[in-house]
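Structure record follows, encoded as structure tokens.
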Protein chains: 2
Amino acid sequence: MARKKDENTEALILEAAKTVFQAKGMDGARMQEIADKAGINKAMLHYYYRNKQLLFEAVFTHAFSLLAPQLKAILNDDSPIEEKVRNFTSDYISFIIDYPYIPNFIIQELNRNPDFILKLKDNPSFPNIDKFKKQVDEEVKQGILRPIRAEQLFINIMALNVLPFVAKPLLKAFTNTGEEAYHQLLEARKTEVADFIIHSIKTS
Amino acid sequence: MARKKDENTEALILEAAKTVFQAKGMDGARMQEIADKAGINKAMLHYYYRNKQLLFEAVFTHAFSLLAPQLKAILNDDSPIEEKVRNFTSDYISFIIDYPYIPNFIIQELNRNPDFILKLKDNPSFPNIDKFKKQVDEEVKQGILRPIRAEQLFINIMALNVLPFVAKPLLKAFTNTGEEAYHQLLEARKTEVADFIIHSIKTS
DNA sequence: AACTTTGTTAACCAAATGGTTAAACTATAT
DNA sequence: ATATAGTTTAACCATTTGGTTAACAAAGTT
């Protein structure tokens with residue numbers, strides 16, 4: 001086995017590919033740009049990943065593997081809904097700060113090619129709503145929560161947490177806030193979003 | 001002035017360009033595909049719109065001009081917040097049914113090029129949050145609403161209404177629903193989203 | 001040291017793509 | 001009917017882009 005340099009070329013490529021694909025999408029990304037960013041010859045991209053599509057898929061599945069655990073936290077945990085909502089909204093924002101492009105990237109590329117998710121759904125680690133559903137139904141039955149379908153609650157939680165990042169340029173313009181002020185709005189949301197949801201769904 | 005056919009070529013082009021750009025984005029769109037869809041020669045695209053960028057901008061500004069009035073309805077109207085929330089959630093979903101690609105298209109392309117919104121903000125018809133802000137502050141002061149910043153409320157309203165469409169493939173997978181079932185969830189949201197918001201923000 | 005396998009590079013290639021051009025066509029004005 | 005100005009087309013062009021190739025370099029194997 002010949003390894004010329006101490007650096008792992010394959011990993012360098014994937015790292016550069018993440019940056020470029022997540023910033024520009026499949027259509028906007030250029031193989032040459034990825035090679036340049038990785039500081040290697042373009043032919044190496046094909047040596048390790050065959051073609052653009054496969055390199056893209058490596059980036060996509062990796063991105064998804066980072067997002068999935070975040071969602072499983074709210075779907076599969078045993079704590080009461082209220083606690084899960086509070087934890088999720090706070091954790092999710094921390095996640096976005098570490099990986100700001102990921103949710104946007106996934107949403108954008110799935111819209112371009114919706115069938116892509118079928119492959120992901122086969123994976124046993126794909127987030128599943130069943131447990132969350134039982135939990136919500138149970139808390140509704142016990143009178144802890146107002147009547148609401150688990151699916152709708154889940155969509156609402158996702159919406160309130162995800163959209164402020166996905167539609168950031170638009171919302172910045174509409175709310176007439178600069179970068180700094182918008183960031184403060186997001187910071188405040190770490191707790192306010194959870195309060196907003198809890199107020200809406202809790203009885204009493 | 002010579003007009004060969006009764007059909008207006010310029011309009012045919014714009015129509016085809018809308019379809020292609022909104023489905024595939026700036027990067028994914030192909031001038032030839034637009035020409036084919038319009039049933040005209042590719043050179044006509046450049047004759048009427050000079051180049052891809054300008055044709056794209058024509059499509060984008062038109063798309064935005066359709067979205068803006070929807071938002072002005074909630075921002076500039078005089079009715080109480082509760083009524084505005086109810087009207088908006090119902091109207092917005094009707095809007096999406098007519099123009100399913102538009103919000104997604106705008107969000108996606110603004111992320112690709114955030115500076116693009118600066119041009120739009122100059123336009124005096126750009127939606128402005130000031131009036132909405134005064135209204136929310138006033139209703140909070142009167143004790144009709146719980147304390148909440150107008151910006152946060154606006155973001156929440158947008159999030160709950162927009163994300164279910166923008167992230168449709170993802171949410172369909174997570175909620176484990178097919179096309180039909182997901183559509184029913186969306187249908188139910190016409191009233192449920194408003195209820196969700198009102199429950200959260202109204203005192204009493 | 002010779003051989004083999006793996007890794008790397010520069011040069012190259014074919015197809016796709018945005019854009020141009022020159023000629024042809026059509027309707028209208030003179 | 002002829003000139004004129006706007007409209008349309010087919011062919012063409014330069015560049016970009018994903019992908020390939022052949023030669024070469026490094027490290028391990030014998």
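To find a chain, count down the sequence lines: A is the first, B the second, and so on, and within it residues start at 1. No hydrogens, no waters, no symmetry mates; every other heavy atom, side chains included, goes into these values.
Taking the salt bridge (Lys or Arg N to Asp or Glu O under 4.0 Å) definition, one finds that A/Arg146 meets it with nothing, sequence neighbours left out.
Residues B/Asn156 and B/Gln152 have side chains that never bring a donor and an acceptor to within less than 3.5 angstrom of each other. Judged by distance alone, the side chains of B/Asn113 and B/Glu109 never bring a donor and an acceptor atom under 3.5 Å apart.
For B/Asn8 and D/dG6, the CG to P distance is 16 Å, given to the nearest whole Å. If you take CZ of B/Phe56 and C1' of C/dG18, they are 16 Å apart, rounded to a whole angstrom. Computed from coordinates, the A/Tyr49 OH to C/dG7 P distance equals 13 Å when rounded to whole Å. If you measure from atom CD of B/Glu10 to atom C1' of D/dT8, you get 15 Å, rounded to the nearest angstrom. Between the CG atom of A/Leu55 and the P atom of D/dT17 there is a distance of 16 Å, given to the nearest Å. Taking atom CG on A/Leu12 and atom P on C/dT8, their separation rounds to 9 Å, with Å as the unit. Residue B/Lys52 contributes atom NZ, which lies 14 Å from atom C1' of D/dT15 at whole-angstrom precision. Following rounding to the nearest Å, A/Leu45 (CG) and D/dG19 (C1') show an atom-to-atom distance of 10 Å.
Here A/Thr9 reaches the OP1 or OP2 of C/dT8: one of its side-chain N or O atoms lies under 4.0 Å away.
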Stepwise side-chain contact (heavy atoms from CB on, under 4.5 Å) check, B/Ile40 with B/Tyr47: CA-CA 12 Å; B/Ile40 49 98; B/Tyr47 181 77; over 6 Å; no

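Closest approach to the A/Met44 side chain among D/dT20, D/dT7, C/dT8 is made by C/dT8 (side chain taken as heavy atoms from C-beta onward). Between D/dG19, C/dT20, C/dT9, one nucleotide has an atom nearer to the side chain of A/Ile40 than all others, and that is C/dT9. Checked against D/dT8, D/dT21, C/dT21, the side chain of B/Tyr47 finds its nearest nucleotide in D/dT8. With C/dT9, D/dT8, C/dT20 as the choices, the nucleotide that has an atom nearest any side-chain atom of B/His46 turns out to be C/dT20. Each of C/dG19, C/dG7, D/dT9 was ranked by its minimum atom distance to the side chain of A/Tyr48; first place goes to C/dG7. For A/Asn51, counting side-chain heavy atoms from C-beta on, the closest listed nucleotide (D/dG19, C/dG18, D/dA10) is D/dG19.
Ring geometry, A/Phe154 versus A/Phe132: the interplanar angle exceeds 60°, so the pair is classed perpendicular (tilted spans 30 to 60°).
Counting only residues at least two apart or on different chains, the ring-ring contact (aromatic ring centres under 6.0 Å, His included) pairs with a member in residues 102-125 of chain A are A/Phe56-A/Phe105, A/Phe60-A/Phe105, A/Phe60-A/Phe116. Residue pairs satisfying the salt bridge (charged side-chain N to carboxylate O under 4.0 Å, His left out) criterion with at least one member in residues 56-70 of chain A, sequence neighbours excluded, are listed as follows: A/Glu57-A/Lys119. Evaluation of the side chain to side chain donor-acceptor pair (under 3.5 Å) test over residues 71-80 of chain A, restricted to residues two or more places apart or in two chains, returns A/Asp77-A/Ser79, A/Asp78-A/Lys131.
A distance-only check finds no donor-acceptor pair linking the side chain of B/Lys133 to the backbone of B/Ala150 [under 3.5 Å].
Looking at A/Lys42, its side chain comes within 3.5 Å of the base of D/dG19 through a donor and an acceptor atom.
Considering every non-hydrogen atom in both A/Pro169 and B/Ile117, the closest pair reads O-CD1, 3.8 Å.
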Can you give the dot-bracket line for DNA chain D, using ( ) for pairs inside the strand, [ ] for pairs that cross earlier ones, | for pairs with another strand and . for unpaired bases, where Watson-Crick and G-U count if both distances are under 3.5 Å? ||||||||||||||||||||||||||||||

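Using a 4.0 Å cut-off on heavy atoms, none of the residues of residues 24-35 of chain B approach DNA chain D.
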